[in-house]
Q: 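Pasting a structure here, questions to come.
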Amino acid sequence: MSQTETELDYDPAIPEEEPEYQQQEMLLNVGPSHPAMHGIIRIVTKLSGELVIDSDIEIGYLHRAMEKSCEDATWNQALIYTDRLNYVSTCINNVGYCMAVEKLLNVEVPARGQYIRTLLCEISRIADHLTCVGASAMELGGFTVFLYMIKGREYMYELIEDYCGGRVTTASTRVGGMPHDLREGWLDKVLWAVKEVRTILKECDILLTYNRIFVERMQGIGKLSTERAIGYGFTGPLLRATGIGYDIRKDYPYLVYDKLDWNVPVGHNGDNLDRYLVRMEEMEQSCRILEQCVASIPGGPVSSPDKRITLPSKKDTYGNIEGLMNHFKLIMSGHGIRVPMGEVYQAVEGGNGELGFYVVSYPEEHVTDGCNDKPWRVRCRPPCFSYVAAMPEMINNSLVADIVPTFGSINMIGGELDR
Amino acid sequence: MTDKFPEQIAIEKKLPHAVYDWHAQHGDRTLIIDGTHLLSIATLLKEQLGYNFLVDLTAVDYLPRKPRFEVVYHFMNLETKARLRLKIQSDEQVPTVPSLTSLWPIANWYERECWDLFGVKFEGHPNLKRIMLYEEFKGHPLRKDYPKTKRQPLIGPEN
C-alpha cells in the first residue's frame, strides 16, 4: 500500500516530486469472507493512500429467507428459525418471538417461567458480549483476551447446554412458557459461573483498558454523533455509547427486569472505546441480575396451564391418553395453537440492541374461527442492520486499519442481518 | 373503538382526511393513513411530536384480501418512549409510497429491503436496488404468490 502524501512531507529523504502512481485512488474489496469479519459481508472501499475516502457495503450473502420459512411453520415450529438469527445469544431471540406470540394470545407465563427466561437471557447476553469483545480484542492483537473470554463463554454455553440440550441452537422456550423445569443444581452452577466470569472480566479489564495500544486504536475511531446514531436507528450498546440510556429492559419492562436492581451503563463519545466500555460494564450488570434471579426465583409451574397452548409434559404424553390426545391436538396440522387475528410488535433487548418481532396472525380463506395455526408474517427487526447501514459513515475518512476495530465493535451477526 | 390519539388529532388538524382508521390492539397504537400524505405526516411526527426514531419499516402481503399490501412503519419517541405504528394500504400490483430517506438515513436500507422482498416502490429513494438478493433475481420472494419451493439459477453480472 502506498504512503499518504502528508507522511511523505515529513521525510526529507524522499524528493518532493512524487511518482505518478502514488497519487492514484485505489479500490479495495474487504470481504465477502475475510479473517477480520464476523460474517460474510463485502465492503468496497475507495482508498487514497491508506485513507478510506468512500465505501460501499454489500450484504445478503447469508439470506436464508427465514421470514418466508416461518410462514410455512406452525407457531411453535417457527421458533427454531429464530434460533439461527443470532447464534451467540439464541435464548434472547427465542424469548422475543415467544413473547410476541403470547401477547397475541393474551397468555401470561407463570413467575418461575419468567425467571428462567430472564436467567437464560442474561446468560446469553454475557456470552454475546464476551464473544464480541474477545473477538475485537483478538483482531487488534490481544489473543490472550480472546482465549480468556472464550473460556468464559464456554461456562455460559455449558449452562445453556445443561438446560436446553443444545449450545447454539437451543429452542429454549415454547409459546406459553418453558419446555421443562430447571435441573437440580443448575442454579448453583449459575452462581459458580458468575464468579468465574467476574474473574475473567477483571483480568481482561487490566489487559485491555490499561493497554495503550488497544486504547489508542479504539479511542476516537468509528465515531458517530448522537443525532446521526438516532437517525440510523441505533439501539443497544452502540446508542448507549453515544450518551442515551435507552434500554428496553428499563423503558419497556418485560419478564422480571423491573423487580431487580441494576443500572444502565452510558458512554459519552460514541466511539469504539466507549462501546467496549459499555459492553464490559453491561456484563457486570448482567452478573448482578443473575445473582438476584437465583436468590429470588419462586417455585411453581414454568408454563401456562392453558392446555390449548402448552404442550403436555413428556410423562403425560407417553403415560396417559389425555396427555397423548393433548399432544396430538397441538401437533396436528390445522389444529395446533390457534392464534386469533391480529398484529403485534414486541421488542426485547438483545445482546446487540433492540430485537423486535412484528408478528401478524391472519386467518386463511377457508377458516371459520378467525384464527390461524401458522404465522401469517414474522418480521424480525435485527439490531445490527442499522449499524451496518451506518458503517460507511463510521469508516470514511479514517485509515484502512481502522475498519477492523470499527467492524468488531458493531458486532455484526450475519444470521440476523440477512435473515 | 378507542378514542383518538393525540398524535392523530395533531395530524388531522393539519391534514383533515389523511387518517383513514385507527386502533390500539394489544397496546400497539396504529394509524392507517393515506400513502400520499406519508411524508408530511412523518415530518410532523418527527419535528413537532418528537417521534425521532424510525424503529422498523416493513410490509405485509394479505393476498387475497383487498387491499392487498400494507406498508408498516414503527416510530418511537425517545423522550417519552411512546410508540406509534403507521400503516399504508395499497392494492396496486407495485405499491408506491414516498421515501423517508430525507428524514431518517436508515430508511434507505429498510426501503431497499422492502423493495427487494415485497416489491414496494419508494418514490424519491436515491438508489432503490436489491439488498438481500442479487440484481438478476426475478420476483419478490416474500409475496404470498411467490412459491416457497421455487428455485432460481444464480446468474452473475454480464462480465
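We name chains A, B, ... by the order of the sequence lines, and we start the count at 1 in each one. We use all heavy atoms of the structure for the numbers below, so side chains are in, but hydrogens, waters and symmetry mates are not.
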Q: Go through the atoms of Y232(A) and report whether side chain, backbone, both or neither lie under 4.5 Å from a heavy atom of chain B.
A: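 Both the backbone and the side chain of Y232(A) come within 4.5 Å of chain B.
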Q: By a 4.5 Å heavy-atom criterion (distance strictly below it), what part of R143(B) contacts chain A: side chain, backbone, both, or neither?
A: backbone
Q: Taking every non-hydrogen pair under 4.5 Å, which of D116(B), L103(B), T30(B), D61(B) racks up the most with chain A?
A: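 Looking at each of D116(B), L103(B), T30(B), D61(B) in turn, D61(B) comes out on top.
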Q: Between R130(B) and chain A, which part of the residue has a heavy atom less than 4.5 Å away: side chain, backbone, both or neither?
A: neither
Q: Could you tell me whether the side chain of K68(A) and the main chain of Y146(B) form a donor-acceptor pair under 3.5 Å?
A: yes
Q: Which value, rounded to the nearest 0.5 Å, describes the distance between F53(B) atom CZ and I244(A) atom CD1?
A: 8.5 Å
Q: Taking C-beta and beyond as the side chain, do M132(B) and Y61(A) meet within less than 4.5 Å on heavy atoms?
A: no
Q: Heavy atoms, side chains only, cut-off 4.5 Å: are E71(A) and K144(B) in contact?
A: yes
Q: Select, from N106(A), L417(A), V344(A), the one with the greatest count of heavy-atom pairs under 4.5 Å involving chain B.
A: V344(A)
Q: Any sub-3.5 Å donor-acceptor pair from Q25(B)'s side-chain atoms to E343(A)'s backbone N or O?
A: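 Indeed, once roles are kept as given, a pair shorter than 3.5 Å links the two residues.
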Q: Taking 4.0 angstrom as the limit, do R379(A) and E113(B) come out as a salt bridge?
A: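 Counted as a salt bridge, because a side-chain N and a carboxylate O are separated by less than 4.0 Å.
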Q: Using a 4.5 angstrom heavy-atom cutoff, name the option from R228(A), E58(A), E354(A) with the most pairs to chain B.
A: E354(A)
Q: Taking the side chain from H26(B) and the backbone from K103(A), do they hold a donor-acceptor pair closer than 3.5 Å?
A: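 Judged by distance alone, yes, a pair lies under 3.5 Å.
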Q: For Q152(B), does the CD atom sit with more than 12 other heavy atoms under 6.0 Å from it, leaving out its own atoms?
A: yes
Q: What distance separates R419(A) CZ from L142(B) CG, expressed to the nearest 0.5 Å?
A: 9.0 Å
Q: Do I106(B) and F234(A) come close enough that some side-chain heavy atom pair is under 4.5 Å?
A: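 Contact flag for I106(B)/F234(A) side chains = no.
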Q: Would you say that more than 12 heavy atoms from the other residues, nucleotides or ligands in this model lie under 6.0 Å from the CD of E227(A), or not?
A: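 No, the 6.0 Å shell around CD holds no more than 12 heavy atoms from other groups.
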Q: What distance separates S386(A) OG from W104(B) CH2, expressed to the nearest 0.5 Å?
A: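 Separation between the atoms: 14.5 Å.
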Q: Testing the basics here: between G231(A) and P105(B), what is the closest heavy-atom pair and its distance to 0.1 Å?
A: O-CD, 3.4 Å
Q: I need the I59(A) CD1 to I131(B) CD1 distance, nearest 0.5 Å.
A: 4.0 Å
Q: Ignoring hydrogens, what is the shortest heavy-atom contact between L117(B) and H63(A)? Give both atom names and the distance.
A: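 The pair with the smallest heavy-atom distance is CD2-NE2, 3.9 Å.
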Q: Is a side-chain N or O of D28(B) found less than 3.5 angstrom from the main chain of Y345(A), in a donor-acceptor match?
A: yes
Q: Where does A390(A) contact chain B at under 4.5 Å (heavy atoms): side chain, backbone, both or neither?
A: neither
Q: If I measure from the heavy atoms of chain B, does D418(A) come under 4.5 Å with its side chain, its backbone, both, or neither?
A: both
Q: Okay, side chain of W376(A), backbone of V60(B): is any donor-acceptor separation there less than 3.5 Å?
A: no
Q: Which region of L63(B), side chain (C-beta onward) or backbone (N, CA, C, O), has a non-hydrogen atom less than 4.5 Å from a non-hydrogen atom of chain A, or is it both or neither?
A: backbone
Q: Is chain B contacted by the side chain of L104(A), its backbone, both, or neither, given a heavy-atom distance below 4.5 Å?
A: both
Q: Do R83(B) and Y252(A) meet the criterion of a side-chain donor-acceptor pair at a distance under 3.5 Å?
A: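 Result is yes, a qualifying pair exists.
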Q: Do other residues, nucleotides or ligands put more than 12 heavy atoms under 6.0 Å from K250(A) NZ?
A: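 Buried by this count: over 12 neighbours within 6.0 Å.
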Q: Please look at A65(A) and chain B and tell me whether the side chain, the backbone, both or neither of the residue comes under 4.5 angstrom of a heavy atom of that chain.
A: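 Interface part for A65(A): neither.
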Q: Taking the six-membered ring of Y62(B) (Phe, Tyr or Trp), confirm whether the NZ or CZ of R377(A) is under 6.0 Å from its centre and within 45° of its axis.
A: no
Q: Give a yes or no answer on whether the side chain of K81(B) reaches the backbone of I248(A) with a donor-acceptor pair at less than 3.5 Å.
A: no
Q: Any chance you could measure D56(B), atom CG, to Y358(A), atom OH, to the nearest 0.5 Å?
A: 9.5 Å
